[in-house]
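Both backbone and side-chain heavy atoms feed into the values below; hydrogens, waters and symmetry mates do not.
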There are 2 protein chains.
Amino acid sequence: MGLPVRKSKVAPPPSCPLTLCMKLLGGAWTPNVIWYLSGGPRRFGELRGDIPRISARVLSARLKELQEKGVVERTLLDTSPPSAEYGLTELGQELIPAIHAIVRVGSKLRDSGSPKRAARVT
Amino acid sequence: MGLPVRKSKVAPPPSCPLTLCMKLLGGAWTPNVIWYLSGGPRRFGELRGDIPRISARVLSARLKELQEKGVVERTLLDTSPPSAEYGLTELGQELIPAIHAIVRVGSKLRDSGSPKRAARVT
DNA sequence: CAGGATCCTAATCGATACTG
DNA sequence: CAGTATCGATTAGGATCCTG
């Protein structure tokens with residue numbers, strides 16, 4: 001027989017919140033969408049301009065998800081032609097620190113590690 | 001013609017770090033793996049016990065990715081039978097605050113949306 | 001025990017229409 | 001302008017089997 005299996009020194013993660021949040025942030029472009037909404041409400045087309053390579057389908061899907069999670073709210077504008085504005089809810093604002101934390105460590109990831117396969121710069 | 005397209009109030013995100021880091025954390029189970037490693041070095045089998053539903057293939061793949069990114073280091077133990085221990089590098093430690101930030105906001109997210117397929121509680 | 005090799009399925013994304 | 005619908009290509013992930 002081999003080594004004894006040690007008991008983990010950390011408590012199990014609150015994996016439901018963790019998984020829940022990662023499911024939210026994990027979708028393609030989601031962090032970017034939230035990033036841009038953090039500057040104030042934006043319309044659909046504006047977001048498409050902010051994130052050039054996103055497809056309408058995905059942007060639409062992400063915004064809908066975020067609404068369902070209560071992170072984003074949609075306001076229909078009474079203009080002609082009608083348009084809609086998306087903004088972060090108070091709950092949504094709380095995601096910002098997490099995104100900043102991710103960006104912060106992300107910027108350190110770049111310089112280290114094995115640069116065997118050059119990371120594609122976006 | 002419709003509304004004028006406003007200029008974004010936020011600068012473009014450092015999208016390379018953001019994308020880079022999300023690619024890292026986005027993989028299934030990755031945050032959990034890092035969570036458990038944050039308690040100190042763990043062996044392969046121990047991690048499998050920590051995260052019961054993970055498959056060996058995925059755990060292996062994640063650990064390899066994390067090594068390549070310089071976040072995890074592998075130490076071969078001179079035991080019989082030989083086993084290996086994985087631990088966070090200093091760089092890896094820096095991911096922990098981000099994960100905590102994610103967990104924190106995750107616990108506030110309401111588990112809403114379509115409960116068509118019940119979110120499996122882990 | 002630690003992990004690689006295969007096969008397969010389900011989810012996801014992009015591109016391209018098309019509607020109100 | 002603000003989306004929705006459909007399709008095809010890609011891919012991540014699970015299961016299983018196999019080796020050192």
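- Between Gln67(A) atom CD and dG3(D) atom P there is a gap of 8 Å when expressed in whole angstrom units.
- Contact check on Arg6(B) versus Glu46(A) returns a salt bridge, with a Lys/Arg side-chain nitrogen under 4.0 Å from an Asp/Glu carboxylate oxygen.
- Of the listed nucleotides (dG14(D), dC1(D), dG3(D)), dG3(D) has the atom at the smallest distance from the side chain of Ala56(A).
- One can place CG of Leu66(A) at 13 Å from P of dG3(D), the figure rounded to the nearest angstrom.
- Between the NZ atom of Lys23(A) and the P atom of dT12(C) there is a distance of 7 Å, rounded to whole Å.
- For the OP1/OP2 pair of dG14(D) and a distance below 4.0 Å, the side-chain nitrogens and oxygens of Trp29(B) include at least one atom meeting the criterion.
- Between Ile54(A) and Val5(A), the residue anchored nearer the 5' end of DNA chain C, judged by the nucleotide with its closest heavy atom, is Val5(A).
- Rounded to a whole Å, the OH atom of Tyr86(B) is 8 Å from the P atom of dA2(C).
- For Ala84(A), the side-chain atoms get nearest to dG3(D) when compared with the rest of dA2(C), dC13(C), dG3(D).
- Side chain of Trp35(B) to main chain of Ala11(A): a donor-acceptor pair is present (N/O by atom type, distance under 3.5 Å, no hydrogens or angles).
- Counting to the nearest Å, the P atom of dC1(C) and the CD atom of Glu46(B) are 11 Å from each other.
- Distances were taken from every side-chain heavy atom of Val58(A) (C-beta onward) to each of dC1(D), dC13(C), dG3(D); the shortest belongs to dC13(C).
- The shortest heavy-atom contact between Thr89(B) and Gly70(B) is OG1-O, 2.7 Å.
- Among the nucleotides dA2(C), dA15(D), dA2(D), the one closest to any side-chain atom of Phe44(A) is dA2(D).
- The phosphate of dA15(D) has neither OP1 nor OP2 within less than 4.0 Å of any side-chain N or O from Arg57(B).
- Phosphate contact (OP1/OP2 of dG3(D), side-chain N/O of Lys64(A), threshold under 4.0 Å): absent.
- Both Val10(B) and Ile96(A) belong to a common hydrophobic cluster when Ile, Leu, Val, Met, Phe, Trp and Tyr are linked at side-chain heavy-atom distances under 4.5 angstrom.
- Taking atom CG of residue Asp78(A) and atom P of nucleotide dA2(D), one finds them 14 Å apart after rounding to whole Å.
- When the nearest nucleotides of DNA chain C are assigned to Ser55(A) and Pro82(A) by heavy-atom distance, the more 5′-ward of the two goes with Ser55(A).
- Distances shown here put a side-chain N or O of Arg43(B) below 4.0 Å from the OP1 or OP2 atom of dA2(C).
- Look at Glu90(B) and Lys108(A) and you find no salt bridge, because none of the NZ, NE, NH1 or NH2 atoms lies under 4.0 Å from a carboxylate O.
- If you measure from atom CG of Leu77(A) to atom C1' of dG20(C), you get 17 Å, rounded to the nearest angstrom.
- Closest approach to the Ser83(A) side chain among dG14(C), dC1(D), dG4(C) is made by dC1(D) (side chain taken as heavy atoms from C-beta onward).
- At whole-Å resolution of the value, CD1 in Ile51(A) and C1' in dG14(C) are 15 Å apart.
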